[in-house]
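Right, one structure below, let's go through it.
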Amino acid sequence: MENFDFVSPTEFVFGRGAEEQVGRKLAEHGARRVLVHFGGGSARESGLIDRVCASLDAAGVEHLELGGVRPNPEIGLIRQAVALCKEAGVDWVLAVGGGSVIDSAKAVANGACIEGDVWELFETKRPNPDVLPIAVVLTIPAAGSEASRNAVVSNDELGRKTGYASDAQRPRLAFMNPELTFTLPPFQTAAGLTDMFAHLLERFFDDYGAVPVTDNLNLSLMRTIRAEAPRVLVEPDNYDARANVMWAGMLCHQGLAGLGRHEDWATHALEHELSALDPSITHGAGLAVMFPAWMEYVCEQNPARFAHYGREVFGLAPTGDAQADALSAIDETRAFFASLGMPTTLAELGVGEDDIQRMLPTLRANKGEVFGSIRRLTLEDAAAVYRLAL
């Protein structure tokens, strides 16, 4: 097991009616003026924003509102929110939504505490310990951003999508009511399930050996997602299934499932270029396409690891041929994503051979000449993985 530092400051308020405690909890934490940050019309139309604001009013916490966060949040709105926070003296940022809204809120919370442009943090990755405290009302279980140290944002002007990681931007409070996810469209639910599973794959497959405590947690979460996925798609208002998915999504990306390992993250890098190329590409859908292709490309580095994954997660019987068993595990992974209604090729996402060369310069800008862990990928390797996914 490798050495690690792990910080987890998030207080979770989980269960029915969790969002009704927002005002009281924020007041207990000393919040005086809060930016309520959210996405499109659904949070407003469902009455959730009104309930959250009523809770803040009842607790005597002032608040401002700024909606409009899109999937793959864009730096332009973040800059507007930063200016609003500075002008109004905001002391907490409250994200009401899924991963995109939370990532936008994290960028806002950073930008409100620095002198320069917040995009510079995402470009340089320099540490920033001064961040406004963040709270979350989660509506889409997927990214795990409600407890993670990561945020990913887009800059359309530059054609870039890149991330920033810092323990200082881990949310302090996360309000998680599974009932808020009952009305999610099936595609959005499926994309979220795929994203969760991908977070585990990134951590399980790297260049390090076995780490039993971490690995068994990881595999258990994979099995849970596989078991609950068909239930939430067939019974979208099944509270227990939604609760298991919501809690699993947090655990998939909080950090515990990768402690003591190097982790890989090459596939997320490859997918980020897809949704930078076309912001309408849903992150989970892009991962569903790219992960089996990446697995095929790198599995020769450690076929026994892939075969072990196939046995533990999909129940595959060993044949005595580790490479064949590894390929069977990859086939099962692709089939699992397809069973959720996810795409299996880049063509289904409207991405073709000509787009590959367009993505490589920004991939280089984001990840350098070589990236990944289980196998160090060059840009030529990246192009080959994209071609496998066509």
Side-chain angles (χ1 to χ4, degrees), residues 12 14 18 38-40 42-43 46 48 69-73 95-105 136-148 150-152 171 174-203 218 221-254 257 267-268 271-272 274-275 279-291 333-334 336-344 349:
F12 298 99
F14 191 99
F38 57 98
S42 60
S46 68
L48 178 58
V69 180
R70 72 175 201 196
N72 300 307
V96 182
S100 293
V101 174
I102 302 167
D103 284 4
S104 183
V136 175
V137 176
L138 184 66
T139 64
I140 306 174
S145 193
E146 64 272 12
S148 79
N150 304 92
V152 179
F175 301 88
M176 303 172 69
N177 177 2
E179 291 179 327
L180 298 181
T181 70
F182 284 3
T183 58
L184 285 175
F187 180 83
Q188 200 165 33
T189 297
L193 290 162
T194 304
D195 195 6
M196 295 175 201
F197 202 84
H199 288 155
L200 298 170
L201 294 174
E202 295 281 19
R203 292 176 162 93
N218 191 310
L221 286 166
M222 289 184 191
R223 289 191 292 268
T224 298
I225 292 168
R226 279 203 66 224
E228 298 296 357
R231 285 216 296 165
V232 296
L233 291 173
V234 173
E235 305 174 62
D237 58 353
N238 183 317
Y239 181 86
D240 287 337
R242 288 287 191 181
N244 287 331
V245 165
M246 180 173 266
W247 193 240
M250 183 281 296
L251 289 170
C252 289
H253 202 37
Q254 180 211 30
T267 309
H268 268 69
E271 194 292 318
H272 285 163
L274 295 177
S275 43
S280 70
I281 293 176
T282 302
H283 180 52
L287 289 170
V289 172
M290 294 311 306
F291 239 112
T333 305
R334 183 181 285 109
F336 171 55
F337 294 152
S339 76
L340 302 178
M342 289 290 98
T344 59
L349 299 175

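Quick note: residue numbers are just sequence positions, from 1. Note that this is a predicted model, so its numbers are computed, not measured.
Q188 approaches L184 most closely through the heavy-atom pair OE1-CD2, 3.4 Å. Closest approach of L200 to A257, counting heavy atoms only: CD2-CB, 3.8 Å. Annotation for I102 and G97: closest pair CD1-O, 4.2 Å, computed over non-hydrogen atoms. Nearest approach of P73 to S100, heavy atoms of both residues: CG-O, 3.4 Å. Nearest heavy-atom pair, A142 versus G192, reported as atom, atom and distance to 0.1 Å: CB-CA, 3.3 Å. C252 and I225 get closest at one heavy-atom pair: SG-CD1, 3.7 Å.
Proximity of a side-chain donor or acceptor of R242 to a complementary backbone N or O of P236 within less than 3.5 Å is detected. Looking only at distances, no side-chain donor or acceptor of R203 sits under 3.5 Å from a matching main-chain atom of N218. Although no hydrogens or angles enter the test, the distance criterion places a donor-acceptor pair under 3.5 Å between the side chain of T194 and the main chain of A190.
Only one option out of L138, T181, T139, V137 pairs with M176 in a side-chain contact (heavy atoms from CB on, under 4.5 Å); it is L138.
At a threshold of 4.5 Å between non-hydrogen side-chain atoms, the residues R226 and R223 do not count as touching. The closest side-chain heavy-atom distance from R231 to N244 is below 4.5 Å. Taking 4.5 Å as the limit, some side-chain heavy atom of V245 sits within range of a side-chain heavy atom of M196. Looking at heavy atoms from C-beta onward, D240 lies out of side-chain contact with E228 at the 4.5 angstrom threshold.
Taken from OG1 in T333 to CG in L201, the straight-line distance is 6.5 Å, to the nearest 0.5 Å. Residue E179 holds its CD atom at 10.0 Å from CE of M246, rounded to the nearest 0.5 Å. To the nearest 0.5 Å, the span separating CZ on F187 from CG on L340 amounts to 10.5 Å. To the nearest 0.5 Å, atoms CZ (R334) and OG1 (T344) are separated by 7.0 Å. Here the straight-line distance linking atom CZ of F12 with atom CD of Q254 works out to 5.5 Å at 0.5 Å rounding. H253 contributes atom NE2, which lies 8.0 Å from atom CG of D195 (distance to the nearest 0.5 angstrom).
Aromatic ring centres of F197 and F336: separated by under 6.0 Å.
Using cut-offs of 30° and 60° on the angle between ring planes, the pair W247 and F14 is perpendicular.
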